[in-house]
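Contents: one structure, followed by commentary.
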Amino acid sequence: PHQLAPLLNTNLTTRKMRTVLVTGAAQGIGRCIASKLASKGFQVAIADLPHQESKADEVLKELATQSKKFGAKDPIFVPVDVSKKQSVFDAVDKVASHYGAFDVMINNAGITSVSKILSATEDQLDQLSKINIGGVLFGIQAAAKKFVELNRKGDYTPQTVGNTQKKLTGKIINCCSIAGNQAFPILGLYSASKFAVKGLSQAAAKELAPLGITVNAYAPGIVLTPMWDFIDSELSKVNGLPIGQNLRNAIENTALKRGEEPEDVAGLVAFLASEDSDFITGQNIAVDGGISYV
Ligand code: NAD
């Protein structure tokens, strides 16, 4: 073996079953990610706003079938408001104490807001900042703290760690968007919030690497979830196109000429959560069927 061989053992595979928390998982992309990870043998906890509990219960039933196959502990729902720091820290605490482990944080929850730059309101700015940017920031902070508590017994500042940790202690995966790579008209504030997600992911990847934590983002395209129904109808109000036309136009600008399914996104996220991506950090990976920007 090469003399540096001990330094190359970087993966999390030594632990048998990995535990993951997915935020915004009562519906849409988050729900599909949770389900995909359960089918791959992860112990999955889902988080969403308290009023989403009945939808979350449906998701739990689906996950429980998978977790039984792998002998995983039953999935749990943790109510959270990702725009509130303490709420996110509490959610992560609950997951870690329920499973006695915590390995992957998926900061998926997010909202959109549709308006032209000149008519964007303070309220829209507040909402997008708190949920899309705050949610990712607090998710990174809470996960990093927990990964280190579990793996290093409370020693969690880079300054006190000294040498770079060669063994991974956890993974953080953030939801960006194609709108975080290039801004879309009438989605200016939303685009700005997703540019921020990309920035936070890059900075966190660099800051948390010494703690053995990787941070990446996924950038979906035009995904057929309730979010796009909302975007389509709001865009209609602003640009006067008939309902459904903005969605059709967006799909027409996609090389693969179909709307994206949540399943398409879940495949990438499962890769980022797996040991196959252990040497990837600081990336924002597009999964968009080849979007042409307009
Ligand atoms: P969705 O609206 O179907 O689901 C979002 C979920 O997040 C909901 O269950 C909602 O209750 C939850 N949520 C909202 N605010 C929350 C808060 N403060 N705390 C906790 N949970 C909260 O949307 P989706 O399409 O599944 O979107 C998921 C992510 O994907 C978002 O970050 C979104 O920006 C991103 N995204 C979506 C698309 C798309 O085309 N649908 C494209 C690119 C990126």
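Atoms within a ligand are numbered from 1 in the order they appear, just like the ligands themselves.
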Could you say whether the N/O atoms of [X] and ligand 1 ever approach to under 3.5 Å?
X	answer
Gly28	no
Val223	yes
Val82	yes

Ligand 1 contacted by [X] (non-hydrogen, < 4.0 Å):
X	result
Gly221	yes
Thr112	no
Glu260	no

field: Interatomic spacing from CD in Glu263 to SG in Cys32 - rounded to 0.5 Å
entry: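 Spacing of CD (Glu263) from SG (Cys32) equals 4.5 Å.
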field: Nearest heavy atoms of Val95 and Thr19, plus distance in Å
entry: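 That closest heavy-atom pairing would be CG1-CG2, 4.1 Å.
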If hydrogens are left out, which of [options] has an atom nearest to [atom], that is, the closest non-hydrogen atom?
atom	options	result
atom 26 (O) of ligand 1	Val136, Ile29, Asn132, Asn174	Ile29
atom 43 (C) of ligand 1	Ser177, Gly180, Gly259, Ala56	Ser177
atom 25 (O) of ligand 1	Asn107, Val88, Ile231, Thr225	Thr225
atom 17 (C) of ligand 1	Thr23, Val59, Leu49	Leu49
atom 44 (C) of ligand 1	Gly110, Ser193, Cys176	Cys176

Could you check [atom] against the protein and tell me its nearest heavy-atom contact, residue, atom and distance included?
atom	result
atom 2 (O) of ligand 1	Gln27 NE2, 3.4 Å
atom 12 (C) of ligand 1	Asp48 OD1, 3.3 Å
atom 20 (C) of ligand 1	Val80 O, 3.5 Å
atom 18 (N) of ligand 1	Asp81 OD1, 3.0 Å
atom 29 (C) of ligand 1	Asn108 O, 3.2 Å

message: I'd like to check Leu60 versus Asp74 (side-chain heavy atoms, cut-off strictly below 4.5 Å). Are they in contact?
response: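 In short, these two side chains do not touch, never coming nearer than 4.5 Å.
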Tyr190 neighbourhood, listing ligand 1 atoms whose heavy-atom distance to it stays under 4.0 Å: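 Matching atoms, with element in brackets: 33 (C), 34 (O), 35 (C), 36 (N), 43 (C), 44 (C).
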message: Has Asn181 got a side-chain atom pairing as donor or acceptor with Ile178's backbone, closer than 3.5 angstrom?
response: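 Looks like no, no N/O pair under 3.5 Å.
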task: Keeping the roles fixed (side chain from Ser191, backbone from Phe184), state whether a donor-acceptor pair exists under 3.5 Å.
output: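 Yes; at least one donor-acceptor contact below 3.5 Å.
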message: Can you confirm if the NZ or CZ of Lys198 lies within 45° of the ring axis of Phe195 and under 6.0 Å from the centre of its six-membered ring?
response: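 Yes, a cation-pi geometry holds between Lys198 and Phe195.
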Close aromatic pair by centroid cut-off 6.0 Å: Phe89 and Phe138: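 No, ring centres 6.0 Å or more apart.
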Derivation and outcome, side-chain hydrogen bond (donor to acceptor under 3.5 Å, both in side chains), residues Ser193 and Asn132: CA-CA 6 Å; Ser193 74; Asn132 290 9; 3.1 Å; yes
SB check Glu149 Lys145 (cutoff 4.0 Å):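 Looking at Lys145 together with Glu149, the answer is yes, because their closest N to O distance falls below 4.0 Å.
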- prompt: Are Lys55 and Glu58 close enough for a salt bridge, meaning some N to O gap below 4.0 Å?
  reply: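 No.
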message: Side chain, backbone, both or neither: which applies to Cys175 and ligand 1 if a contact is any heavy-atom pair less than 4.0 Å apart?
response: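 Answer for Cys175: side chain.
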